[in-house]
Number of protein chains: 2
Amino acid sequence: MSAVSDRDEDAQDILIRRLQAIDNLTAQDRHLISSLRFDVVDIPPRTDFVREGDRQTKCCLLMDGVVIRSNFTRSGERQIQSVHIPGDVPDLQSLHLRRMDHYIGSVSQCRVAFVAHDQMLRVLRDSPHLTAILWRETLIDAALYRAIIVRNARLGSTERLAHFICEMWCRFDAVGLTDRNGFAFPMTQEMVGQVLGLSIVSVNRSMQILRSDRLVVWDRGRIDILDWTQLAEIAQFDPTFLHLNE
Amino acid sequence: MSAVSDRDEDAQDILIRRLQAIDNLTAQDRHLISSLRFDVVDIPPRTDFVREGDRQTKCCLLMDGVVIRSNFTRSGERQIQSVHIPGDVPDLQSLHLRRMDHYIGSVSQCRVAFVAHDQMLRVLRDSPHLTAILWRETLIDAALYRAIIVRNARLGSTERLAHFICEMWCRFDAVGLTDRNGFAFPMTQEMVGQVLGLSIVSVNRSMQILRSDRLVVWDRGRIDILDWTQLAEIAQFDPTFLHLNE
DNA sequence: CGACCCTTTGAAAGGAATCAACTTATGTGG
DNA sequence: CCACATAAGTTGATTCCTTTCAAAGGGTCG
């Protein structure tokens, strides 16, 4: 068995596990997914691999690493719109919205599996059930955006940071990427500022508050949560918005 | 012909016109839509008719008026996540995300047409094409949320307000609800503040800047745009994010 | 060791929120 | 038709939070 098809199977497994978490897949669904050809690519850190204005002909399944979706103002400031972790398909929307209105780029070293739109659309044509699941996937993304609008507009800097950490914990945990109380987290404070609409200085000071309150430790690419209850309390964090295990 | 079926036809027309703007409908698509039974309801101003936590069994098509989607913080502050105008289906997502994570309420007097999920799902089962169009509809919503995340995080108060006015103009214009340079707009300054994450005082002062620069007039429920070019310039407004006429 | 990247710190400036009137419209009932 | 109530818009003064600017500290890797 060639290395390529090994990786194909890896990608299929990841996708199946992800979709399975939303709804049970039928044998036919699985069969359809295993007919997909993936093109697995390693991407170095800090690299935009999808650009604003691009017309996409394929989607990417994130197998390993963290990627961000971002946009820039005229003056060159970056706003990160979403953070994606393994199992996510950050540009699933490009199936029906070909023209990209944002960038997608790696934070850490990433492994990404590309599937041609044609193949995805063929599979979806044959399975209304898979269509519903993937549609739902994009709706959950949208629910996340809505939650971010509220978070960034209504919470103070420390609450905002706490909320982001809660969100990251839940999502990493849902795909089995946590151990004990923590998880590997490759973003810098500056990047988190670009997620939350805060300056790096504010992120730093808010983090110091959470740290001195013994709620969270964030050190050398790793976040550990010391007191989930109180962290979620400060963040006004309601995990249901993630629509994880309905 | 009874009043009810008159209104049914009105609702069908609005929905067909809206979907037609996204992609040409086949005769079969139209036929399917005309098989939908709508329940047309008049809703008084300032009334939430969908609540957080509700489990929806129907979607609503907005026929007339303005509705908002909003959420509250623990301390009771409201954040408006989106503003909807006639032709929109604000809770289309509830087809696949039954549990509402936000409120939907009227701003002005509204007319809303409810369709049972069952009926929508039956239609979608019979038409992959309509499925794709409605999916795309929800993806455009998501693109709007992303744009709002950037706007609210990166633009100053006056730019933000200008951006919002540009967005509203484009959307009202796309459904034929503008005349000359303006459109009827029933929100208060306080509500606009809840959209933009600004206090009412900031909205007021930003509006005064736009007014004294002779870019916009907003008076007694009506917005008129005096200088679109410069307004869009200030707002850093790029209409492509609305994915209106691709 | 030194270069680089990231984090941390302090001080000052700025923008928006808040607070507290006051004004202007709109609408109601006597 | 006017007195009054109510909702929305406007204004000024003050406070507070976050940004900005500038520089120092710390870890990592060649």
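Just so we're on the same page: letters track the sequence lines, and every chain starts at 1.
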Given [N], is OP1 or OP2 found less than 4.0 Å from the side-chain N or O atoms of [X]?
X        : N      : answer
A/Arg160 : D/dC17 : no
A/Gln189 : C/dT8  : yes
A/Asn204 : C/dT7  : no
A/Arg46  : C/dC6  : yes
A/Ser202 : D/dT19 : yes
B/Thr188 : D/dA8  : no
A/Gln208 : C/dT7  : no
A/Arg205 : D/dT20 : no

Answer yes if the ring centres of B/Tyr145 and A/Tyr145 are under 6.0 angstrom apart, and no otherwise.
no
To the nearest Å, how far apart are [X] [atom1] and [N] [atom2]?
X        : N      : atom1 : atom2 : value
B/Arg154 : D/dT18 : CZ    : P     : 15 Å
A/Ile200 : D/dT19 : CD1   : C1'   : 13 Å
A/Leu196 : D/dT18 : CG    : P     : 12 Å
B/Glu190 : C/dT18 : CD    : P     : 11 Å
B/Leu155 : C/dA16 : CG    : P     : 11 Å
A/Met187 : C/dC5  : CE    : P     : 18 Å
A/Trp218 : C/dC6  : CH2   : C1'   : 10 Å
A/Met207 : C/dT7  : CE    : P     : 11 Å

Using distance alone, with no hydrogens and no angle criterion, decide if B/Ser75 and B/Glu77 have a side-chain donor and acceptor under 3.5 Å apart.
yes
Using atom types as modelled and distance alone, determine if a side-chain donor or acceptor of [X] lies under 3.5 Å from a backbone N or O of [Y].
X        : Y        : answer
A/Ser106 : A/Arg46  : yes
A/Ser199 : A/Ser202 : yes
A/Arg69  : A/Pro90  : yes

For nucleotides 21-28 of chain C, just jot down a letter per nucleotide in 5' to 3' order: B, S or -, based on protein non-hydrogen atoms under 4.0 Å.
----SS--
With a 4.0 Å cut-off on heavy atoms, is [X] in touch with a base, just the backbone sugar-phosphate, or nothing at all?
X        : result
A/Gly197 : sugar-phosphate
A/Ser199 : base
B/Leu198 : sugar-phosphate

Carboxylate-amine/guanidinium proximity below 4.0 Å for [X] and [Y]:
X        : Y        : answer
B/Arg171 : B/Asp88  : yes
B/Arg222 : B/Asp224 : yes
A/Glu137 : A/Arg18  : yes

